[in-house]
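Please read all numbers here as calculations on a predicted model, not as lab measurements. Proteins come first, then strands; the chains are lettered A, B, ... in the order of their sequence lines, and each starts at number 1.
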Protein chains: 2
Amino acid sequence: MPRPRSLTTHQIAAAALTVIDRDGLPALSMRTVAAELDRRTMALYRYVEDREELECLVVDLALGPVLDRAASDRAASDRADRPAAAAGPRARLLVLLELMREAVGAHPGVLPLAVRHHGGCPSALRWRERLLEALAEAGLDAPRRASALHALVSYVIGALELEHQAATAPTVGASVPETFPLLATALATRAATDPALAFTDGARTVLDGLGLGPGPGL
Amino acid sequence: MPRPRSLTTHQIAAAALTVIDRDGLPALSMRTVAAELDRRTMALYRYVEDREELECLVVDLALGPVLDRAASDRAASDRADRPAAAAGPRARLLVLLELMREAVGAHPGVLPLAVRHHGGCPSALRWRERLLEALAEAGLDAPRRASALHALVSYVIGALELEHQAATAPTVGASVPETFPLLATALATRAATDPALAFTDGARTVLDGLGLGPGPGL
DNA sequence: CCTCGTAGGTGTAGACCGTACGCCTAAACT
DNA sequence: AGTTTAGGCGTACGGTCTACACCTACGAGG
């Protein structure tokens with residue numbers, strides 16, 4: 001009976017993501033998103049409570065691929081096309097962690113939003129559930145699962161944040177070398193390393209610490 | 001010859017910290033800080049380039065205690081007053097990580113700023129250098145130190161961020177239970193755990209993963 | 001003691017932001 | 001065709017940061 005909606009929240013999220021990818025996160029505003037959709041600013045408020053909710057939609061959209069690809073990996077593993085993905089809990093966890101990194105890496109500007117809304121956005125919650133499934137499969141009981149999840153999520157959030165800042169930092173380390181010799185060499189080493197390798201390396205460290213030793217899969 | 005300065009950057013940082021502690025991070029603005037010092041807004045720009053720099057000063061001030069207490073611990077250990085603090089590299093690392101958590105915990109509102117500026121603020125750099133010293137003492141060579149530093153810093157940043165959000169979240173987990181059973185129990189477990197214990201537990205996990213097994217000290 | 005120059009402090013104003021409120025109107029069901 | 005419901009728009013308010021030009025208080029040199 002009422003007038004039909006001419007926009008969807010998905011379209012709005014996509015427009016916001018376009019703005020972020022093109023002009024960076026600081027450019028994200030109700031005005032710019034509305035302009036991207038050829039609408040006036042206030043039109044958005046018919047679909048979204050406030051900016052907070054819009055950000056949540058963007059995060060959900062950007063993190064969508066994580067689950068899609070995880071699901072396709074799982075389906076593929078059922079068909080034994082991608083045996084590596086199903087080799088074992090440890091390998092599956094590693095894949096999940098790397099999928100999250102890739103999803104965020106595809107839209108770097110979203111990272112601060114993802115960090116802020118990872119607790120209230122469906123995609124992120126589903127991702128965590130997947131982690132827990134793998135942890136359960138590895139034989140961890142509930143308390144150890146909770147502890148392991150905390151360690152893994154903390155690492156991922158921190159590592160992504162570090163990587164993001166390294167990418168957007170205004171080259172801070174000018175006065176570092178003399179005062180902090182160890183730090184200087186460490187930063188140099190890090191700058192010379194492939195970020196993806198550094199991420200996976202740290203992830204493996206955490207998995208080792210959880211007692212999920214390198215199994216037959218990897 | 002010129003007119004002397006009537007303020008110090010330290011005073012400005014302290015005023016900003018007062019504002020944050022009293023009214024929360026969103027209340028931080030050039031206006032509120034200036035009001036705290038009984039000055040007009042623009043007076044601050046004689047001491048600070050922009051808001052960015054002010055935030056950096058606040059982080060530096062808030063993180064100061066980490067280094068002071070780490071130094072006093074070290075002095076104390078020299079006098080054998082606090083043997084536990086000098087028991088070994090692993091114990092020292094754990095203390096450094098916990099000191100960082102306590103420093104941020106003393107001013108919860110600063111956390112987002114600390115995360116954003118941890119790379120450009122002297123206190124944070126000195127803290128990292130201390131970590132590297134302990135790692136070197138543990139026998140790790142330069143590449144492994146860089147890798148270990150990355151894992152540790154990532155974990156700390158992520159864990160603090162998680163803790164901060166758990167404290168300020170508007171109770172999101174309403175729809176979680178049915179859709180994500182594993183996550184629901186994990187969140188319940190986490191909510192029932194002392195944050196300090198959860199933090200230390202995760203830190204120990206990372207240290208284990210780094211091969212710094214539980215030594216004689218702890 | 002007086003003057004002078006430097007730098008501190010201030011006021012104004014511009015360009016943004018998010019969003020509360022009220023109006024008009026287009027669409028679809030009765 | 002009529003009614004009703006929501007969509008879209010315009011305006012406006014209060015807030016942010018900060019560029020710029022102005023006045024003035026202070027300490028040093030004479």
task: Report the relative orientation of the aromatic rings in A:His150 and B:Tyr155; use parallel for angles under 30°, tilted for 30 to 60°, perpendicular for over 60°.
output: perpendicular
Determine all donor-acceptor pairs shorter than 3.5 Å in which one atom belongs to a side chain in residues 37-48 of chain B; sequence neighbours excluded.
{"residue": "B:Tyr47", "atom": "OH", "partner": "B:Ser6", "partner atom": "N", "Å": "3.3"}
{"residue": "B:Tyr47", "atom": "OH", "partner": "B:Leu7", "partner atom": "N", "Å": "3.1"}

message: Can you confirm whether B:Val115 sits close enough to B:Leu111 that some side-chain heavy atom of one is under 4.5 Å from a side-chain heavy atom of the other?
response: yes
- request: Taking only heavy atoms on the protein side, list every residue of residues 15-39 of chain B lying under 4.0 Å from any atom of DNA chain D, sorted numerically.
  value: B:Ser29, B:Met30, B:Arg31
- line: Taking every heavy atom of A:Asp21 against every heavy atom of A:Ala106, the minimum-distance pair comes out as OD1-O, 4.5 Å
query: Between the axis at one end of the helix from C:dC1-D:dG30 to C:dT30-D:dA1 and the axis at the other (five pairs apiece), what's the angle to 10 degrees?
result: 10°
field: Any pair counted as salt bridge (Lys or Arg N to Asp or Glu O under 4.0 Å), so long as it reaches residues 107-125 of chain B, sequence neighbours left out
entry: B:Glu55-B:Arg116
query: Expressed in angstrom and rounded to an integer, what is the separation of B:Gln11 atom CD from C:dG8 atom C1'?
result: 14 Å
- prompt: Less than 4.5 Å apart, any side-chain heavy atom of A:Arg145 and any of A:Leu131?
  reply: no
message: Using a 4.0 Å cut-off on heavy atoms, which residues in residues 41-51 of chain B reach DNA chain C? List them by number, or say none.
response: B:Met42, B:Ala43, B:Arg46, B:Tyr47
query: Rounded to the nearest Å, what distance is computed from the CZ atom of residue B:Arg40 to the C1' atom of nucleotide D:dT24?
result: 15 Å
message: Is any side-chain heavy atom of B:Glu98 closer than 4.5 Å to one of B:Thr200?
response: yes
Rounded interatomic separation in angstrom, taking CG from A:Leu7 and P from D:dA6: 17 Å
field: salt_bridge(B:Arg90, B:Asp208) N-O dist < 4.0 Å
entry: yes
field: salt bridge (Lys or Arg N to Asp or Glu O under 4.0 Å) involving A:Glu163 - partner list, sequence neighbours excluded
entry: A:Arg101
- prompt: Any side-chain N or O of B:Arg5 under 4.0 Å from OP1/OP2 of C:dA7?
  reply: no
query: So among B:Gln11, B:Arg31, B:Arg22, which one has a side chain to side chain donor-acceptor pair (under 3.5 Å) with B:Glu36?
result: B:Arg22
- prompt: Whole-Å distance between C:dG8 P and B:Ile12 CD1?
  reply: 11 Å
- prompt: Does a side chain donor of either A:Glu161 or B:His118 reach within less than 3.5 Å of an acceptor in the other side chain?
  reply: no
